[in-house]
*Asks:* 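First the structure, which I've put down as structure tokens, then a few questions once you've had a look.
Numbering of residues begins at 1 and proceeds along the displayed sequence. Predicted, not measured: the structure shown is a model, and the values here were computed from it. We count ligands from 1, going down the list as the structure has it; atoms in each ligand are counted the same way. Only heavy atoms go into these numbers, but all of them, side chains included; no hydrogens, no water, no symmetry mates.
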Amino acid sequence: MVFPITRLRRLRKNPIIRDFISETSLSLNDLILPLFVCPGNNVENPISSMPGNFQLSVDLLVEECKKIIDCGVRSVLLFGIPEHKDEHGLVACQENGIVQQAIRTIKQNFDNKLLIVADVCNCEYTNHGHCGTIVDGDVDNDLTIETLAMQSLSLAQSGADVIAPSDMMDGRVGRIREILDDNDFTGTPIMSYSAKYASGFYGPFREAAESAPKFGDRRSYQMNSSNSDEAMREIALDIQEGADIIMVKPAMSYLDIIYRAKHEFNIPVAAYNVSGEFSMVKAAAANGWIDEERIMMEVATSIKRAGADIIITYFAKEIAAVLNR
Ligand code: PBG
């Protein structure tokens, strides 16, 4: 049956009928908000390239978490800016590390009202800014997965609900699963940044987390943005190694990867709508070139439509405000 019998515009006539046939809807349950925690007291350093985002000391982070819970966002992803950095990122494995302190304090204040996802990587903690231990000018895979395992265990011990390795070393999910299980954290899930691309969209984050590499780039461990089959191999390996949730990152320019991942694997998929994707929207909106709220919702909806179950986004609070309206 074709035109004039079939007229798809019949189901677009008014908002109610459009909502009836809406195939994708966002929910508060989909959102994770990334946060940056730094040393000190009463510290609130604005991140200039990411309007509305701050490096927060633990005391202010607690206040922020209160607001987050009040607006209905149920999960945060924590990144740390340590006082000191070292060659191997060992500072990230200490019981009194900045993220460990933050996790304990959030748990003390809010119990299980917030699901705390802890990012696991060395780049914020090494003095060279790479994601692991350098040997002969490149990150050594097998040495690095040992520090990542130690960092993961320490974060789990401080109360992290989910461990999220973002380093892209081979074999790290298996090694992290092993150390968690050996230490009675069999119930702590791993959300693995499985298909993480070497992307220009991370620029603003590196200002936020003070984690830009001092030499070279991350192309010897993060993926080439031209590849899709390789992403499926990365995901398959992470699942074999024990990942509970897999992640695609960035999101907007990688909707095809999200779609493939969802259709090829029966596993929850997270997508990270990264800093550069956020900043572009903020900058264009500040210039009056786009309608910020509309674009924000359209981007998030498209990520979900592509197949993501979970969206990590700096817009989480603002999306929640729209959903609560
Ligand atoms: C750490 C890490 C990065 C991001 C999340 N975890 C930066 C990087 O790989 O350089 C980027 C997040 C964002 O841009 O919002 N490895």
*Asks:* Does NZ or CZ of Lys196 lie under 6.0 Å from the centre of the six-membered ring of Tyr202, at an angle within 45° of the ring axis?
*Replies:*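 Yes, a cation-pi geometry holds between Lys196 and Tyr202.
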*Asks:* If you count the atoms of ligand 1 from 1 in the order shown, which ones are under 4.0 Å from a heavy atom of Arg218?
*Replies:*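 Near Arg218, meaning under 4.0 Å from one of its heavy atoms, ligand 1 has 8 (C), 9 (O), 10 (O).
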*Asks:* Short list, please: which atoms of ligand 1 are under 4.0 Å from a heavy atom of Ser166?
*Replies:*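 Matching atoms, with element in brackets: 1 (C), 2 (C), 6 (N), 16 (N).
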*Asks:* Provide the number and element of each atom of ligand 1 under 4.0 Å from a heavy atom of Arg206.
*Replies:*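 So the answer, numbered in order with elements, is 8 (C), 10 (O).
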*Asks:* Quick one: do Asp238 and Arg177 make a salt bridge, cutoff under 4.0 Å?
*Replies:*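 Salt bridge absent between Asp238 and Arg177.
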*Asks:* For ligand 1, which atoms, with element, lie under 4.0 Å from some heavy atom of Tyr272?
*Replies:*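 What qualifies from ligand 1 is 12 (C), 15 (O).
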*Asks:* Would you mind checking if Arg260 and Asp229 are paired as a salt bridge, meaning a charged N to carboxylate O distance below 4.0 Å?
*Replies:*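 Salt bridge: yes.
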*Asks:* If you measure from atom 15 (O) of ligand 1 to every heavy atom of Phe205, Tyr314, Phe278, which option wins on shortest distance?
*Replies:*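 Considering heavy atoms of Phe205, Tyr314, Phe278, the nearest to atom 15 (O) of ligand 1 sits in Tyr314.
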*Asks:* Under a 4.0 Å threshold between the charged nitrogen and the carboxylate oxygen, would Glu230 count as salt-bridged to Arg233?
*Replies:*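 Judged by the 4.0 Å cut-off on N to carboxylate O distance, Arg233 and Glu230 do not form a salt bridge.
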*Asks:* Heavy-atom contact check, 4.0 Å cutoff: does Gln222 meet ligand 1?
*Replies:*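 So Gln222 counts as touching ligand 1.
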*Asks:* Counting only heavy atoms, tell me which of Met247, Glu124, Lys249, Lys196 gets closest to atom 16 (N) of ligand 1.
*Replies:*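 Comparing heavy atoms across Met247, Glu124, Lys249, Lys196, the nearest one to atom 16 (N) of ligand 1 lies in Lys196.
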*Asks:* Under a 4.0 angstrom heavy-atom cut-off, which atoms of ligand 1 come close to Cys123?
*Replies:*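 What qualifies from ligand 1 is 1 (C), 16 (N).
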*Asks:* Atom 14 (O) of ligand 1: which protein heavy atom is closest, and how many Å away?
*Replies:*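 Answer, as residue, atom name and distance: Ser275 OG, 2.7 Å.
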*Asks:* For residues 243-253, pull every pair meeting side chain to side chain donor-acceptor pair (under 3.5 Å), keeping only residues two or more places apart or in separate chains.
*Replies:*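 The answer is none; no pair qualifies.
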*Asks:* Testing the 3.5 Å rule here: is there a donor-acceptor pair between the side chains of Thr147 and Asn122?
*Replies:*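 Judged by distance alone, the side chains do pair up.
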*Asks:* Do the side chains of Lys262 and Asp309 get close enough for a salt bridge, i.e. N-O under 4.0 angstrom?
*Replies:*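 Yes, Lys262 and Asp309 are salt-bridged.
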*Asks:* Under 4.0 Å from a heavy atom of Asp119: give me the atoms of ligand 1 that qualify, with their elements.
*Replies:*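 The list of qualifying atoms is 6 (N).
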